[in-house]
Peer 1: 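One structure coming up, written as structure tokens, with questions to follow.
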Protein chains: 4
Amino acid sequence: MSVNKVILVGNVGRDPEIRHLDKGVAVARFSLATTENYTSKTGEKVSNTEWHNVVAWRGLAEVVEKYVKKGSQLYIEGRLRTRDYDKDGVKHYATEINADTMQLLGRREGQTETVGQPMQTESVQSVNEPDFSQPEEDDLPF
Amino acid sequence: MSVNKVILVGNVGRDPEIRHLDKGVAVARFSLATTENYTSKTGEKVSNTEWHNVVAWRGLAEVVEKYVKKGSQLYIEGRLRTRDYDKDGVKHYATEINADTMQLLGRREGQTETVGQPMQTESVQSVNEPDFSQPEEDDLPF
Amino acid sequence: MSVNKVILVGNVGRDPEIRHLDKGVAVARFSLATTENYTSKTGEKVSNTEWHNVVAWRGLAEVVEKYVKKGSQLYIEGRLRTRDYDKDGVKHYATEINADTMQLLGRREGQTETVGQPMQTESVQSVNEPDFSQPEEDDLPF
Amino acid sequence: MSVNKVILVGNVGRDPEIRHLDKGVAVARFSLATTENYTSKTGEKVSNTEWHNVVAWRGLAEVVEKYVKKGSQLYIEGRLRTRDYDKDGVKHYATEINADTMQLLGRREGQTETVGQPMQTESVQSVNEPDFSQPEEDDLPF
DNA sequence: TTTT
DNA sequence: TTTT
């Protein structure tokens, strides 16, 4: 009965930190910047950058490890999660984005790496030339 | 390298149609109405309703069968898909929303049914879903 | 070149707090709960509730003041924003959701109030909003 | 009481068509491809491309005219709208995405164009080079 | 065809 | 602190 969804497109601030927990579970953490630019009422150009703490687990963490680095432009879909922790006896809260899906955006031509993961996309061929030859299921309208 | 996502909150127009394909795969289809209300530049109140063709498969279709009926208010997350079909020798196109997740909203007090499903459906989401049962790494903040 | 978007459907924990700043600007704040239910690998039913700090400004704050109360089910679309503040000489961070649009969901039959607002709020959306009153170009298909 | 939202990240199939209606209102139309790649149960790699008919109005259409061309990678947020039209005496339906916001993604270094529009974003500087000179918070985790 |  |  509820929805908790975050959608971000931004750039990674530093190379991700990867940790491998017991049982081989991988966790990746990185900061993602989103910048909002607008003109204020007084006519000034304002630029406001938010830094988001992103966490990815397991297979997605491994994709992060292989393909994400400082400067990468990413599409992230995830969930908000706020944790509390103690620091010098004071309770603090930290909100992070638990990533569910990720897309690497705007890879440059020079880049040869390929995402060999069941993430979403690949065949560049189809980007501008869809395969219309695919037979549609049947002939029934909705 | 791409995202195809639809998010709808609306009301179901008629009781869903359910079909059971070979091998026990269930498919549910229904129309969902979203209504946009606004005031035009000339000051008139305008109401515009869109009808969306929603399709759900497998486990999600079964949830639809059990809990969705005419008038239900739903949150739907899915993907756009356009099919072509032949009708009287003329090619037509139909765009539908392939549902990935669903939430029943605003159930009224008289209703006693309960959705006993995690309702994350169609595998896509759960693929990258972290294992919440895992112990959090340690006691470090972030 | 970036996207910072949050979509929530949840319930309001307490009646919102409304403040009227100088110049008549209204600000509303409230907590919204989202609950995730799932079954762990060990077969246990787990329920995890997140509390989100939502902030609404101006016209949207006034809608909140009129129609939102403890228990209300809401759809919220907004942006993440993390602020830092000092508490007893210690720096803390707080992440909040700056609401851009809101929908009251699942109002029950007994409720007679009606939201008499277009509720698109905070200008952002309406900036790029097409003029629906315009005649559609012609009768040509795409 | 409803939400009708589409979020797409994809590539433009051909240079957009721009029309200027009476009163100087601009309309831009283009097709956007999203491709879904997955491995079927039988182990085959499957690639499915969807083509989305996107329409932008007014200021957003002018941004399209200036900066979008065949191959552009875009983030689009909009609403679904289905229109009917007559063709040879037969009623057809066409579903399009009415764009509300747009982001140009992954522009390469060689590209010098700059988005000079009050859309959302501005500082091109941050497109491929977010402002890493920002002091990372401090000694906080993450 | 829904809903408010 | 909500809700189912």
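Chain A is the first sequence line, chain B the second, and so forth, proteins listed ahead of strands; every chain is numbered from 1.
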Peer 1: Can you list everything that forms a side-chain hydrogen bond (donor to acceptor under 3.5 Å, both in side chains) with C:Arg83? Sequence neighbours excluded, please.
Peer 2: C:Glu96
Peer 1: Could I get the full list of ring-ring contact (aromatic ring centres under 6.0 Å, His included) partners for C:His92, not counting sequence neighbours?
Peer 2: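 For C:His92 the ring-ring contact (aromatic ring centres under 6.0 Å, His included) partners, ignoring immediate neighbours, are A:His92, C:Tyr85.
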Peer 1: Using atom CD of C:Glu50 as one end and atom C1' of F:dT4 as the other, report the distance to the nearest whole Å.
Peer 2: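 In whole Å, F:dT4 C1' and C:Glu50 CD are 17 Å from each other.
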Peer 1: Among all residues two or more places apart in sequence or in another chain, which pass the side-chain hydrogen bond (donor to acceptor under 3.5 Å, both in side chains) test with C:Asp84?
Peer 2: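 Partners of C:Asp84 under the side-chain hydrogen bond (donor to acceptor under 3.5 Å, both in side chains) test: C:Lys91.
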Peer 1: Would you say the base of F:dT2 and the side-chain of C:Thr49 have a donor-acceptor pair closer than 3.5 Å?
Peer 2: yes
Peer 1: Rounded to the Å, how far apart are C:Leu74 CG and F:dT3 P?
Peer 2: 12 Å
Peer 1: Which whole-number value in Å describes the distance from C:Lys66 NZ to E:dT4 P?
Peer 2: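 Taking NZ of C:Lys66 and P of E:dT4, I get 20 Å after rounding.
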Peer 1: For C:Phe30 and F:dT1, what is the distance between atoms CZ and C1' respectively, to the nearest whole Å?
Peer 2: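 Taking atom C1' of F:dT1 as the reference, CZ of C:Phe30 is at 13 Å.
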Peer 1: Please confirm whether the backbone N or O of C:Glu36 pairs with a side-chain atom of C:Asn48, one donor and one acceptor, at under 3.5 Å?
Peer 2: no
Peer 1: Would you indicate which nucleotide in E:dT1, F:dT1, F:dT2 comes nearest to any side-chain atom of B:Lys70?
Peer 2: E:dT1
Peer 1: C:Thr35 side chain: which of E:dT1, F:dT2, E:dT2 is closest?
Peer 2: F:dT2
Peer 1: Send over the distance from B:Glu36 CD to E:dT4 P, rounded to a whole Å.
Peer 2: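 Answer to the nearest Å: 19 Å.
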Peer 1: If you look at every heavy atom in A:Gly10 and A:Thr34, which pair is closest and at what distance?
Peer 2: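 Heavy atoms of A:Gly10 and A:Thr34 come nearest at CA-CG2, 4.4 Å.
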Peer 1: Does the ring of B:Trp51 lie flat against the base of E:dT1, closer than 5.5 Å centre to centre with planes under 30°?
Peer 2: yes
Peer 1: Taking atom P of F:dT1 as reference, at what distance in whole Å does atom CG of C:Asn48 sit?
Peer 2: 17 Å
Peer 1: Please list, by residue number, the residues of residues 8-17 of chain B whose heavy atoms come closer than 4.0 Å to an atom of DNA chain E; answer none if no residue qualifies.
Peer 2: B:Asn11, B:Val12, B:Gly13, B:Arg14
Peer 1: Suppose we screen for side-chain hydrogen bond (donor to acceptor under 3.5 Å, both in side chains). Which residues come up paired with D:Ser2, at least two apart in sequence or across chains?
Peer 2: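 None.
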Peer 1: Under the rule for side-chain hydrogen bond (donor to acceptor under 3.5 Å, both in side chains), what residues qualify as partners of D:Thr95, not counting sequence neighbours?
Peer 2: D:Thr82
Peer 1: Given atom CG of B:Asn53 and atom C1' of E:dT2, what is their separation to the nearest angstrom?
Peer 2: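 In whole Å, E:dT2 C1' lies 14 Å from B:Asn53 CG.
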